[in-house]
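In what follows, a structure is listed as structure tokens, so that the remarks can point back to it.
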Amino acid sequence: MIPAAFDYVRATSLDDALARLAAGGGSAKAIAGGQSLLPLMKLRLARPETLVDIGRLAELKGVRRLGDGRVSIGGLTTYDEMLRDMTLHRYGLLADALPNIGDVQVRNRGTIGGATAHADPASDMPAILLALDAEVVVRSVRGERAIPIAGFFQGAFASALEPDELITELRLPGGREDLGSAYRAIEQPASGYSIAGVAAIIGARSGDRWGFCSVAITGVGEHPYRATAVESAILGGASFEAAAAHACDGVTVASDIHADREYRAHVATVQVRRALEAAAARLA
Amino acid sequence: MTTDMLGKRVKRVEDQRLITGKGRYVDDIKLQSMAHCAILRSPYAHASIRSIDTSAAKAMPGVLDVMVGADIPYNPLPMAWPAGGSAGLKNNVNSPRALATDSVKWTGEGVAAVVAETPEQALDAVEAIAVDWEPLPTVVDAEKATQPGAPQLHENAPSNIVFEWSVGDRDGTAAAIDGAEVVVRQRLVNQRLIPNPMETRGDIGWYNPGTDEYTIWMSSQTPHIQRLLLAAFVMGVPEHKIRCISPDVGGAFGTKIFTYADYPIVLLASKRLGGRPVKWIEGRRESYQATIHGRDHITYLEIAGKRDGEITGLRVKTYANLGGRLSTIGPGIPTTLYARVLSGCYRIPHVFAEVVGVYTNTVFVDAYRGAGRPEATYVVERAMDLFAAEIGMDPAEIRRRNFIAPDKFPYENPSGLGTASGGAKIYIDSGNYEPALDKALAMAGYADRAAAKGEARTRGKYLGVGLSSYIEVCGVAPSKWIGAVGEGWGAAMWESANIKVHLTGKVVVTMGTQPQGQGHETTYAQIVGHELGIPMEDIVVQHSDTQGTPFGYGSYGSRTSSVGSTAAIKAAGKIREKARRYAAHMLEASVDDIEVDGAEYRVKGSPDKKKTFQEIAFALDLAFDAPEGMEPYLDETAYHDTPNCTWPFGTHVAIVEIDEATGKVDLVKYVAVDDVGNKINPMIVDGQLHGGIVQGVGQALWEGAVYGDDGQLLSGSMLDYALPRASWLPNLELDETVTPSPVNPIGVKGVGEAGAIASTAAVANAVNDALKPFGIRHLDMPLTPQTVWKAMQAAKGAQA
Ligand SMILES: Cc1cc2nc3c(=O)[nH]c(=O)nc-3n(C[C@H](O)[C@H](O)[C@H](O)COP(=O)(O)OP(=O)(O)OC[C@H]3O[C@@H](n4cnc5c(N)ncnc54)[C@H](O)[C@@H]3O)c2cc1C
């Protein structure tokens, strides 16, 4: 449980951090809360030559409302800071998920940028960002770009992020009065990560039809994904139960010592139904 | 005026230091010029070692030494408790060496050790050692390992069998089963557990070239035993040339009783470095592969009886997985400590148990909290429920019907130690089981369970209620049993205490036992304070160092409060007697006329003629006025060999709710009524019960070591091995009955293991009860959502 040797530098500014990452050419890695990176290093599964500590860059912290009504969360904002932020309280799915991520220490240190960049196939925040159709704002010495979350997660621990890029912001839609949202997960008891975690947003009901539905699932596939088959079934008038049956359509369902394919696929459908029910209940 | 603290909820004197980070564990000890050791562990579960190339490692920065098996001049580690004891039953023994020489038998067996200036350098160099492996076929399941065609681990152990041992009345039990009205059979798996004390193991070895003496700081429950075993069996160094020190120990649960490879490694490493101390600290993942595991039984159970609920026979065949080589007392656990208490608190006339100890390509298995008794309790408590279900009887009723009646004590059970060859007859000396059952049922609202089940169904839940009535063997053990030919381990098990009263009246109590978090510094001070009539604050309790403590066998088997405390009481009695004689001298009275009231020594009939304990200690230390023939100073040592073990008992009730959609089990209520006799400190007793209960619940619902068929430990870290968390548990509702133990003056029984012994079966019974509507009879643990859901699915499919 001792990492291999590495150099450590504390970035003095975002530009300083970006310059160091660029200079490192892949052998330098940013460290934010260290809640994913340090365990990997201690197991010697990750061996960065240089750690660029971005943990004190105030410019990457905090939640603010943008001019266009969207909400921006700084990449370095911790789970705990998000839990305490009043602007975020209206997002039912965040309120459901945040208190159950890790423990107090993990929430004090772990950041939304780190969770997104790490692209763990079972972590919670990616499903929430997917359901919200968030935008990932990243920066490097080469400039800034905004990546739609829909194409961000590409595989287990693989994303659209380049090695020299940092996530500076996550931008969420402003939130609509006619939508309700919820997050439901069944946890792998040892790690606390989701065997199946489901973020659901539903609403804009007119007559007997839902006008809006967004469902994203983590823990089940190679990477967190939007369950589009569930969404279209709902929009097409299917019951929650019937729609939930499509939770794993087209997905290669993961299997491990805690949950085999059959069980994981089953609980994904249960959690989809429960998340939809809870999201709909919030509308009432 | 002194306040007598015996039996009071006194806060633990250790806690101030331990919970503010001021404890001193092995890793906190930093010695001048200390070097650091890391161990290369086998990546294969079964392989021959063709060659090991350490040249690259030796050339790495900071590296001082690299050792392989051939460099170790010592014997293999001792195996001290064969099945059947020293009575002659054949045990095919294979013990680990400090470092493996020709082959490895489990993933994680040590093959080389690096010593370097820093721990980081040592680990880096471990990675640079090149081993030429020849992988061999593996087997991890104990039952499969005994079957024809299974990979063979050791030449001297055909079919991988360590021993085949049996106990009880073979023919009588067979007759009882063959002629019974009802027989219920079930295969039960008591899964392998990985112990997780907060502090992993670790040690510092120091060879002193000036005196040719060895000192080892070790996170151990048994410093005296380790000195003995290292000296006499492993290193061939005289016992008085080794000193073992166990500083604060951060939990153990049995794992730190044993002799481990790292002890001789750090001592030899220090000697090879000319006396630089060498530290080795175990990582958590390393701990999962280098420190013993617990349980791992496969049992075929048969229980026979009458339609009216009377149980007439119990027969088991158990395959006990002992790992790739044997740990220190591995074979003793699934034999003596398991099969001899199999019938628990029940009067079952015919009991027969057959135990097959088996080698597999897994970490060695040894005593883990409860050690054999949780496995036994699980068997008999599942058996009672299965039998009750078969004849349609209430599980509480069948227990009540078969309890050993209170007037039957002392009671000798049919597979008990009374039937052992040689040695002492050990009998169950006391018990009164029904009041504990009744109290637990009342607290749990047992009578209303049908309504509770109905209410749960309205919420999509299946509610289940599970009972576990248990007895435990604590306060191990009379030397005339454990030390004798027969089933003993060939060493004694008495305890020791020394009390010194200094000139200022302050008292130092030095014990042979060894705490690992139980609060001995508090409880012994309560006892000695009570005996001598002095405040706890005037007493300090010392332990843990073979230099300066009287020989003791250490702390495990819930023995300290019964055996250790009695030694302390005896030593205090000697102190009091001498003080009384001296008081007589000071007060110019005859000894018979001195009466002792707390710290006051008075002449009968003349209440103002008196001396305090402190005045006596002062005068006896200065000693200018000591009478002819009286030695100065109050300093007494006592040894205590217990006449019997102690026998706690009780009933636990668990209530669970199962989510039909996911199979997830929630423990919603837990009631425990335990009879641990009188209590020295009820708060510490509660704490021991809390921890033990939660550990047992962990086995029922979450914990389980998982090996791949290739012998890789898939649950190899806390990311995959699920330990219980506080938020998953309801408030534990504790109560008691009190039947004082007759074997010691305080009437205590011991409580370190009780919770873990009872709770696993209670929760497993509750889950199985909840699943009755599905026609499910039995599910093996851990009762994870997937296991439960799949069983419900299969049952629904079968019913449809
Ligand atoms: C005990 C424990 C329990 C946990 N339980 C859960 C759980 O229940 N659910 C869950 O979802 N997660 C869980 N986690 C994981 C946790 O959520 C993530 O580890 C954490 O959020 C990652 O953020 P961090 O700041 O610690 O990232 P770090 O560990 O510092 O970094 C992780 C990766 O992201 C990169 N990185 C960090 N910040 C940025 C950035 N701004 N831009 C680009 N790259 C960046 C790093 O280079 C590294 O590759 C748990 C972790 C632990 C230790």
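A, B, ... follow the sequence lines: proteins, then strands. Residue 1 opens every chain.
- Separation of atoms CG (B:D720) and CG (A:D256) is listed at 7.0 Å; rounding is to 0.5 Å.
- Proximity to chain A is absent for every atom of B:P724, based on heavy atoms less than 4.5 angstrom apart.
- Put simply, of B:L714, B:L719, B:I281, B:L723, the one with the most heavy-atom pairs under 4.5 Å next to chain A is B:L719.
- When all heavy atoms are compared, the tightest approach of B:P785 to A:Y263 is CB-OH, 3.0 Å.
- Per-residue heavy-atom pair counts under 4.5 Å with chain A were compared for B:Q121, B:R285, B:E127, and the maximum is reached by B:E127.
- Of residues 696-707 of chain B, those residues with a non-hydrogen atom less than 4.5 Å from any non-hydrogen atom of chain A are, in numerical order, B:W702, B:V706.
- The contact between A:D260 and chain B is made by backbone and side chain atoms together, counting heavy-atom distances below 4.5 Å.
- A pairwise comparison of heavy atoms in A:H266 and B:A661 identifies NE2-O, 2.6 Å as the closest pair.
- The OG atom of B:S717 lies 13.0 Å from the NZ atom of A:K42; values are rounded to the nearest 0.5 Å.
- For CD of A:Q154, the number of neighbouring non-hydrogen atoms (other residues, nucleotides, ligands) closer than 6.0 Å is greater than 12.
- Under a 3.5 Å cut-off, the side chain of B:Q786 and the backbone N or O of A:R264 do not form any donor-acceptor pair.
- With a threshold of 4.5 angstrom between heavy atoms, A:I2 approaches chain B through its backbone and through its side chain.
- Proximity to chain B (any heavy atom under 4.5 Å) is shown, for A:I195, by neither the backbone nor the side chain.
- Of the two parts of B:T662, the backbone and the side chain both hold a non-hydrogen atom closer than 4.5 Å to a non-hydrogen atom of chain A.
- Heavy-atom contacts from other residues, nucleotides or ligands closer than 6.0 Å to CZ of A:R84 number 12 or fewer.
- The parts of B:R284 that come within reach of chain A are both its backbone and its side chain, each placing non-hydrogen atoms under 4.5 angstrom from that chain.
- Summarising the geometry, atom CD1 belonging to A:I186 is positioned 11.0 Å from atom CH2 belonging to B:W789; distances are rounded to the nearest 0.5 Å.
- In A:R226, the CZ atom is crowded: over 12 heavy atoms of neighbouring residues, nucleotides or ligands sit closer than 6.0 Å.
- Within 6.0 Å of the CG atom in B:D709, the count of heavy atoms belonging to other residues, nucleotides or ligands does not exceed 12.
- Environment of CD in B:Q793: crowded, with over 12 heavy atoms of neighbouring residues, nucleotides or ligands closer than 6.0 Å.
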